[in-house]
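This report refers to the structure that appears directly beneath it.
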Amino acid sequence: MYSLPGATMSAAPARVISSSSSSFVEPLLLAAASPAAAAAANSHHQVRQRGHLVRTLAASSSSNTLLRSDFDLQEGLTTDVKRMLRQRSGGGREMLVTIDNLKRLCIDHYFEEEIEGAMATAACTGLLHSDDLFDATLAFRLLREAGHDVSAKDDVLRRFIDGVSGDFKISLSNDVRGLLSLHDMSHLDVGGEAALLHRAKEFSSRHLASAVRYLDDPSLAEYVRQSLDHPYHLSLTQYKARHHLRYLQSLPCSCRVDAAVERLAVAEFQLNKSLHQREMREIKRWWMDLGLAEEIPVVRDQVMKWYMWSMAALQGSSFSRYRVEITKIISLVYVVDDIFDLVGTLEELSAFTEAVKMWDTVAADSLPSCMRSCYKALHTVTNEIAEIAHKEHGSDPINRLRKAWAVLFDGFMVEARWLATDQVPMAEDYLRNGVITSGVPLTFLHIFSMLGYDDDRSTEEEEEAIIDHMPSIISCPAKILRLWDDMGSAEDEAQEGFDGSYRDFYLMENPSRSPGEAEAHMRSLIMREWVELNRECFCRRTFPSDIAQVCLNTVRMVSVMYSYNKEQRLPVLEDYATMMLVV
């Protein structure tokens, strides 16, 4: 680190959720906060028992007629789709297209055994070597997503490259379906394929952009635009699902998917929307009862945005209770951030940090009132989550969770000391600490505990792993969030002071570079983290699939939270909130 006289830096940059232009938030909150509903308090044991969990939830109150009817409809439709899958169990293009539609519509979790069996058949793996661009690229993407060892070059793309020019064959430029599939697979780099997949992305993007101008079918043209603007692998699956369903419903009857698939997708969406509205009401009540927004006027009050992170990360009816609990954790990360940034003196913040490390409410008695209230809330919520993990999985994660809070507070203290002493960190030091203060590691550890993931590392090793040996499935999303946030596409919440960022410190270290070059460098770092995350989720597969999906979903939400348009608004976030929460 080095000192720069006169430079200041906010003690804690924005955390797990950005929150700038929020004019759309309050109307949606009002829409979501009408009559009180029974708490959405069911949890996840096994993914394949989701129907049972929804039935239990639906039976919890006589006012839940809609939830019960949604479940009954889903149960019947699931049976119909399973029957259809058995009829297509031989594999081949028809089966792969069906599996792809189930995944794109976010209803594949009902059919995990059937999909796993189909993907292992020779008919499916054989399509990798097809001379049809659509068949080969679709088989590659689905097999890679399922963890099969497949090579983009050796198994798929070399047949479609012109031996003279080295580019993709020009005859492929009119194959819109094949180009869409090629574009989808181009984002699945797991290392060693970057150059080839970049060429695939560039070729497919160029010709799809051209095709939009002459396509006769307006629905297909809009679908192509959506695919270019929001690539499948990089985008929120729930957001893409609604657009995919809309496109399927626009097709002639002879081209549409099985009616039971469409109806199941609609029923799933309606059920999830009902649950999201209930959860939002419960969280809003909890936040209002907590009273921190009134006690600490400078604290951010953005319950909907906090909830939307949980809604994106933990998808599906079986995670209803978890979404509520994790939103509480996210909100408290924000409160702590604001206390460090705008309220506490360095001495008070140091005492606050020591109290958290002691994990005893008595230790907070000497703190200022706002810190005592915050400490009591985070202590209570964390212990409640540990109790959930104990009841459902027999584990006792409290030591790991309390240490995660201690590590987060230590990270905030590092930033507070930088600010208090006018020190400017090296960009890499800032980024390393920013991974911690993003709140992602803390939030993920709470999610992992509720999902039942535990390991046998000792307490000391756990703390060391969080700081120095963080697994890539945690560090990659955290680093991507920090870099996206720090690119500064819009001012965040008009908070006081100067928000130090990786870009600022990178430019100080590299004065010959322009802001545009700094941003290009940051984007390259983001893509590097994506490749590492892909490798972890699709090749190493160290963690269970539920955890991998949580991490992928979180990363996909990052760009939604930080992609401001010229009017300094977040159009995709607004569309997503309306789609998933508004009646």
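Just the heavy atoms: all of them, side chains too, but no hydrogens, waters or symmetry mates, feed the values below.
- Between Ile161 and Leu196 there is a side-chain heavy-atom pair separated by less than 4.5 Å.
- Under 4.0 Å is where a charged nitrogen must lie from a carboxylate oxygen, and between Arg206 and Glu202 at least one such pair does.
- Residues Tyr110 and Glu268 bring a donor and an acceptor atom of their side chains to less than 3.5 Å of each other.
- Not one N or O on the side chain of Asp485 forms a donor-acceptor pair closer than 3.5 Å with the backbone of Leu481.
- Between His187 and Trp530, the ring center distance fails the sub-6.0 Å criterion.
- Separation of atoms CG (Leu581) and CG (Asn272) is listed at 11.0 Å; rounding is to 0.5 Å.
- The closest side-chain heavy-atom distance from Phe134 to Leu180 is not below 4.5 Å.
- The pair Glu145-Arg141 meets the salt-bridge criterion, since a charged nitrogen lies less than 4.0 angstrom from a carboxylate oxygen.
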- Item | Stepwise side chain to side chain contact (heavy atoms under 4.5 Å, CB included) check, Phe168 with Asp162 | CA-CA 6 Å; Phe168 286 87; Asp162 188 297; over 6 Å; no
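- Around NE2 of His129, the count of heavy atoms belonging to other residues, nucleotides or ligands within 6.0 Å exceeds 12.
- Ring geometry, Tyr307 versus His276: the interplanar angle exceeds 60°, so the pair is classed perpendicular (tilted spans 30 to 60°).
- No donor-acceptor distance shorter than 3.5 angstrom exists from the side chain of Ser219 to the backbone of Ser250, with no hydrogens or angles considered.
- Side chains of Met185 and Leu182 form a contact here, defined as non-hydrogen atoms less than 4.5 Å apart.
- Just one residue in the list Gln315, Arg323, Glu279 forms a side chain to side chain contact (heavy atoms under 4.5 Å, CB included) with Ser310, and that residue is Arg323.
- Across Phe448 and Cys551, no two heavy atoms sit closer than the pair CZ-SG, 4.1 Å.
- Arg263 and Asp80 are not joined by a salt bridge, as no carboxylate oxygen comes within less than 4.0 angstrom of a charged side-chain nitrogen.
- A salt bridge between Asp131 and Arg159 is present, with a side-chain N of the basic residue lying under 4.0 Å from a carboxylate O of the acidic one.
- Of the charged side-chain nitrogens involved, none lies within less than 4.0 Å of a carboxylate oxygen, so that Glu282 and Arg321 do not count as a salt-bridged pair.
- Side-chain atoms of Asn101 and His244 include a donor-acceptor pair closer than 3.5 Å.
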- Item | Met84 and Val261: CA distance, side-chain angles, deciding distance, side chain to side chain contact (heavy atoms under 4.5 Å, CB included) verdict | CA-CA 10 Å; Met84 180 263 292; Val261 172; 3.7 Å; yes
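- When every heavy atom of Ala118 is checked against every heavy atom of Ile99, the shortest pair comes out as CB-CD1, 3.9 Å.
- Each of Arg177, Arg104, Lys201, Arg144 was scored for a salt bridge (Lys or Arg N to Asp or Glu O under 4.0 Å) with Asp184, with one residue passing: Arg104.
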- Query: When you look at Val303 and Ser331, which way does the side chain to side chain contact (heavy atoms under 4.5 Å, CB included) test go after all the steps?
  - Reply: CA-CA 7 Å; Val303 180; Ser331 69; over 6 Å; no
- Pair Val333-Trp306, side chain to side chain contact (heavy atoms under 4.5 Å, CB included): steps then yes or no: CA-CA 10 Å; Val333 172; Trp306 303 337; over 6 Å; no
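- Atom CG of residue Leu236 and atom OG1 of residue Thr554 lie 9.5 Å apart, to the nearest 0.5 angstrom.
- No more than 12 heavy-atom neighbours from other residues, nucleotides or ligands sit within 6.0 angstrom of CG on Asp149.
- The two residues Asp175 and Gly178 make their nearest non-hydrogen contact at OD1-N, 2.9 Å.
- Ring geometry for Tyr239 against Tyr576 counts as perpendicular: the plane angle is over 60°, on a 0 to 90° scale with 30° as the lower cut.
- One distance of note links CD of Gln87 with OG1 of Thr98; it measures 11.0 Å at 0.5 Å rounding.
- Between Pro477 and Val440, the shortest heavy-atom contact is CB-CG1, 4.3 Å.
- Using cut-offs of 30° and 60° on the angle between ring planes, the pair Tyr453 and Phe543 is tilted.
- A donor-acceptor pair is defined here as one N or O able to donate and one able to accept, closer than 3.5 Å; such a pair exists between the side chain of Ser130 and the backbone of Asp132.
- The main-chain N or O of Val582 is found under 3.5 Å from a side-chain atom of Lys273 such that the two form a donor-acceptor pair.
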